[in-house]
Amino acid sequence: MSGPRAPMRSLDDALAELLAHAAPLVGTQTLSTFDVDGRVLAEDLVSALQVPPQDNSAMDGYAVRAAEIADEGVVLPVSQRVAAGSKALPLAPGSAARIFTGAPIPQGADAVVMQEDCEPEGEQRVRVRRVPACGQWIRRAGEDVRSGAIVLARGQRIGPAAQGLAASIGMDRLDVARRPRVALFSTGDELVMPGAVAPHLMQPGTIYNSNRFFLRSLLHRLGCEVTDMGVVPDSLEATVQALRAAAPAHDLILTSGGVSVGEEDHIKPAVRSLGSLDLWQIAIKPGKPFAYGSVGQAHFIGLPGNPVSSFVTFVLLVRPFILRLQGAARLAPHAVQLPAHFDWPQADRRREFLRVRHGANGGLELFPNQSSGVLTSTTWGDGLVDNPPERTISHGDSVAFISFAELLA
Ligand code: AMP
Ligand code: MG
């Protein structure tokens, strides 16, 4: 009944082909800078001013002319007081200005002595107990941002720090890529929604639907608008109906389960009856079966049903695909080399993504059960070791680690 198996293909080839289909979506949105966390910038942000706008103090203390303090213990009159938000007068020769963090440096001053190195002598004078270096504790105008500089480029994914930086150049609204509209459904007659049946009443052969929960959250984190269609029964008719309903109003239809070549796997014929579908055997573990196609204007991606396979193929393939739809510039996660504090004696033909976590002494520890059904590995772990095909690992070997902090962002 099952035809010839789809050929194995490498993850890199699969990703390249997937991304070749991911033409950035047309349309942007203008949002308050408060509301753009996680979104992708659709314009270059050019600064109309320099930041900081003028030289200012990095310390609470006294602004001086460094050349006037040749020795420790020099006493100077205090000629003015400059707080943050106030204006400074030029510094009278032979005097010091009381100054606070963020306050403008008086013209003529070229150093700030921190107050811990000074001793007030009454109200009007100060003893400087340490010889200052010219320029010390002064933040220079424009040292953060030059006027006319691009502070954030189009295609940049915006996070809290970028929101702050945009605000620092006076941007209260930003143009971002529009949200991809994603229809999500799970397949599998064995699936039961948590809450629908109490754990002690679960029938033999049934399991709770876990994929629906993490896939929905992963999509939200990537800025998607999600239509959650729940569970679609394992029948060709129901699958066709769900796809037909989803296609017109969505950029992507994402499913989990039903992409193997078993008799209950209806995704393939259903998508093919309405559009086109390639079934890929990706040479990774976990995660082998993966489907890409289209139904009308909508992209179609079918993930494997095993929870860890679903999770891993999402972060490695769907995540960059969705970021590319939004025009994001950086799609690939950074891997860092770290020592393995475990042995992995059995090499595999496929490239493996092992669930690991940082140990106390800087090495990586391995979750003992690497089965594609064991979701515990993904919460116990804090990232994946990207292990090449045919490679064994010995304690102390350097391995490529990709953190969940990056893959789930
Ligand atoms: P499938 O890809 O449909 O053959 O499913 C492979 C395995 O993953 C089976 O053991 C399914 O019961 C399980 N599975 C499929 N979908 C889900 C889901 N949404 N939540 C939890 N397990 C699932
Ligand atoms: Mg199934």
Side-chain angles (χ1 to χ4, degrees), residues 1-3 5-6 8 14 182-199 201-220 224 226-243 246 252-272 277-293 300-319 350 353 355 367 369-380 408:
M1 141 108 224
S2 59
R5 272 183 102 67
M8 280 272 191
V182 182
L184 173 67
F185 65 84
S186 320
T187 71
D189 285 347
E190 72 280 29
L191 300 177
V192 173
M193 275 302 286
V197 179
L201 297 176
M202 286 287 277
Q203 295 299 308
T206 64
I207 56 167
Y208 288 120
N209 185 345
S210 48
N211 298 3
R212 184 178 180 183
F213 288 81
F214 64 72
L215 290 174
R216 185 152 122 177
S217 289
L218 286 165
L219 290 167
H220 281 145
C224 299
V226 181
T227 306
D228 187 340
M229 300 174 67
V231 179
V232 171
D234 278 330
S235 83
L236 183 61
E237 213 183 334
T239 311
V240 167
Q241 210 170 19
L243 292 167
L252 168 65
I253 302 169
L254 181 69
T255 66
S256 81
V259 288
S260 306
V261 285
E263 282 168 32
E264 294 301 333
D265 295 323
H266 301 287
I267 288 288
K268 184 166 79 165
V271 177
R272 285 198 173 143
L277 183 88
D278 280 331
L279 197 59
W280 298 346
Q281 300 294 323
I282 301 177
I284 58 172
K285 198 176 171 183
K288 195 166 58 173
F290 183 93
Y292 173 78
F300 175 86
I301 293 178
L303 299 177
N306 276 308
V308 185
S309 304
S310 220
F311 181 86
V312 167
T313 47
F314 185 98
V315 298
L316 296 178
L317 291 158
V318 183
R319 178 178 186 276
R350 291 185 267 161
F353 289 90
R355 275 76 68 213
F367 190 72
N369 187 339
Q370 293 288 323
S371 155
S372 61
V374 176
L375 208 47
T376 311
S377 66
T378 56
T379 59
W380 180 96
L408 305 191

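All ligand and atom numbering here is 1-based and tracks the order in the structure. Start at 1 with the first residue, then count along the sequence.
- One option in S260, G257, P304, G305 has a heavy atom closer to atom 4 (O) of ligand 1 than any other, and that option is S260.
- For atom 21 (C) of ligand 1, the closest heavy atom belonging to the protein is S210 OG, 3.3 Å.
- At the shortest separation from atom 19 (N) of ligand 1 among protein heavy atoms lies N209 OD1, 2.8 Å.
- Ring pair F290/W280 is parallel by interplanar angle, where below 30° counts as parallel and above 60° as perpendicular.
- The I207 neighbourhood of ligand 1 comprises atoms 12 (O), 21 (C), 22 (N), 23 (C), with distances under 4.0 Å to a heavy atom of that residue.
- The closest approach between any non-hydrogen atom of G188 and ligand 1 is not below 4.0 Å.
- Here the heavy atom of the protein found nearest to atom 10 (O) of ligand 1 is N306 OD1, 4.2 Å.
- Among all non-hydrogen protein atoms, the one lying nearest atom 12 (O) of ligand 1 is E190 OE2, 2.6 Å.
- Counting the atoms of ligand 1 from 1 in the order shown, those under 4.0 Å from a heavy atom of G258 are 1 (P), 2 (O), 3 (O).
- For the 3.5 Å distance criterion, the side chains of N209 and S186 qualify, holding a donor opposite an acceptor.
- Only the side chain of P307 comes within 4.0 Å of ligand 1, judged by heavy-atom distances.
- Taking the six-membered ring for Trp, Y292 and F300 have ring centres at least 6.0 Å apart.
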